[in-house]
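One structure is given below, encoded as structure tokens.
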Amino acid sequence: MFQEYKPTWMVSAIYQITPEQLKKHGIKAVLTDLDNTLIAWNNPNGTEELRQWLKQMDEAKIPVVVVSNNNQERIAHALEPFGLDFVARALKPFARGIKAGYQKLGMKKEDVVMVGDQIMTDIRGANRAGVKSILVKPVVATDGWNTRINRFFERKIMKHLQKNNPDMKWQGELND
């Protein structure tokens, strides 16, 4: 039961993921959650680190598409400075939004990776969609009220997963 929450990789931050690592694993595009993965949920301006990472992806011709459960207006406003495409109301942990993300790019599920900070929505949704996944630590330690409930259950699930999967460790890069 808990295996549906197991990420393919665990990396401390999305900014540590390089185009070279992605290409090594046959990944041609990144689908990413928005809040606490790409930007802090309570600070939509992003950081210089984010801008540099997006520039790296752009130069490597690796498109980045945001797949978020937020509404259209919230995402459009947050992403305006970055010019990223997105899927709103993704309904994660269901596969619908993730599938819409890679179909929007004209790619197959094998070509993409889903990056997110929540195992109950981002990772479970990726697994349901048959997509590789990367769990990252949240950008900030606080969450919106609706995410706090998930975090309680996530701690229990993570404890179980790490106990039964010794390979589940935070890494600085995507391992084989």
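On a predicted model such as this, the values are computed, not experimentally measured, just so you know.
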For this session: Establish whether I17 and L54 are linked, either directly or via other cluster members, by ILVMFWY side-chain heavy-atom contacts under 4.5 Å.
Result: yes
For this session: Check whether more than 12 heavy atoms from other residues, nucleotides or ligands sit under 6.0 Å from atom CZ of F94, and answer yes or no.
Result: no
Problem set entry | Cluster link I119 to L91, ILVMFWY, side chain under 4.5 Å | no
For this session: Please work out whether the ring planes of F2 and H160 are parallel, tilted or perpendicular, with thresholds of 30° and 60°.
Result: tilted
Exercise. Which is it for V66 and L79 under the side-chain contact (heavy atoms from CB on, under 4.5 Å) test, yes or no, and what are the steps along the way?
Worked result: CA-CA 9 Å; V66 172; L79 294 179; 3.7 Å; yes
Exercise. So, do Y5 and M120 sit near enough that their side-chain heavy atoms are less than 4.5 Å apart?
Worked result: yes
For this session: Verify side-chain contact (heavy atoms from CB on, under 4.5 Å) between K55 and E59, making sure each step is shown before the conclusion.
Result: CA-CA 6 Å; K55 183 180 176 197; E59 287 172 353; 3.0 Å; yes
Exercise. Are K159 and K163 close enough that some pair of their side-chain heavy atoms sits under 4.5 Å apart?
Worked result: no
For this session: Name all residues meeting the salt bridge (charged side-chain N to carboxylate O under 4.0 Å, His left out) criterion together with D111; count only those two or more places apart in sequence or in a different chain, and write none if there are none.
Result: K28
Exercise. How about I39 and L34: do any of their side-chain heavy atoms sit closer than 4.5 Å?
Worked result: yes
Exercise. Between A60 and P19, which heavy-atom pair has the shortest distance, and what is it?
Worked result: CB-CB, 3.4 Å
Exercise. Closest approach of V67 and G101, non-hydrogen atoms and distance?
Worked result: CG2-CA, 4.5 Å
Exercise. Transitively linked via ILVMFWY side-chain contacts under 4.5 Å: V115 with V65?
Worked result: no
Seminar exercise, completed: Contacts of K6 meeting salt bridge (charged side-chain N to carboxylate O under 4.0 Å, His left out) (sequence neighbours excluded), chain-then-number -> D167
Exercise. Are I14 and L31 linked, directly or through other ILVMFWY residues, by side chains that come within less than 4.5 angstrom of each other?
Worked result: no
Exercise. Between F82 and R51, is a side-chain contact (heavy atoms from CB on, under 4.5 Å) present by the stated rule, with each step listed?
Worked result: CA-CA 8 Å; F82 309 111; R51 288 185 229 341; 3.4 Å; yes
Exercise. Going hydrophobic residue to hydrophobic residue with side-chain gaps under 4.5 angstrom, can you get from L50 over to F86?
Worked result: yes
Seminar exercise, completed: Distance col, row I134:CD1 vs T32:OG1, nearest 0.5 angstrom, shows 9.0 Å
Seminar exercise, completed: The side-chain hydrogen bond (donor to acceptor under 3.5 Å, both in side chains) partners of E48 (sequence neighbours excluded) come to Q52
Exercise. Under a 4.5 Å cut-off applied to non-hydrogen side-chain atoms, are L22 and M57 in contact?
Worked result: yes
Problem set entry | From CD (E154) to CG (L135), nearest 0.5 Å | 7.5 Å
Exercise. Any idea which heavy atoms bring V112 and Y102 closest together, and the distance?
Worked result: CG1-CB, 3.7 Å
Exercise. At what distance, to the nearest 0.5 angstrom, does CZ of R128 lie from NZ of K99?
Worked result: 11.0 Å
Problem set entry | Residue pair M107 / P63, side-chain heavy-atom distance below 4.5 Å | yes
For this session: Hey, could you give me the CD1/CE distance between I98 and M114, rounded to the nearest 0.5 Å?
Result: 5.0 Å
Exercise. What is the distance from atom CD1 of I27 to atom OG1 of T8, rounded to the nearest 0.5 Å?
Worked result: 8.0 Å
Exercise. How far does CE of M158 sit from CE of M10, to the nearest 0.5 angstrom?
Worked result: 3.5 Å
Exercise. What are the two closest heavy atoms between S68 and I75, and how far apart are they?
Worked result: CB-CD1, 3.5 Å
Exercise. Does the side chain of Q16 reach to within under 4.5 Å of the side chain of V136, using non-hydrogen atoms?
Worked result: no
Problem set entry | Any S133 side-chain heavy atom under 4.5 Å of D122 side chain | no
For this session: Could you list the residues that satisfy salt bridge (charged side-chain N to carboxylate O under 4.0 Å, His left out) with E80, not counting sequence neighbours?
Result: none
For this session: Please name all residues satisfying salt bridge (charged side-chain N to carboxylate O under 4.0 Å, His left out) with K156, sequence neighbours left out, ordered by chain then number.
Result: none
Exercise. Within a strict 4.5 Å, meaning less than it, do heavy atoms of the I62 and K23 side chains meet?
Worked result: yes
Exercise. Do side-chain atoms of Q162 reach the backbone of M168 as a donor and acceptor pair under 3.5 angstrom?
Worked result: yes
For this session: Can you sort out the partners of T37 under side-chain hydrogen bond (donor to acceptor under 3.5 Å, both in side chains), two or more places apart, ordered by chain and number?
Result: D33, D117
Problem set entry | Full working for side-chain contact (heavy atoms from CB on, under 4.5 Å) between L161 and Q3 | CA-CA 7 Å; L161 283 172; Q3 289 304 109; 3.7 Å; yes
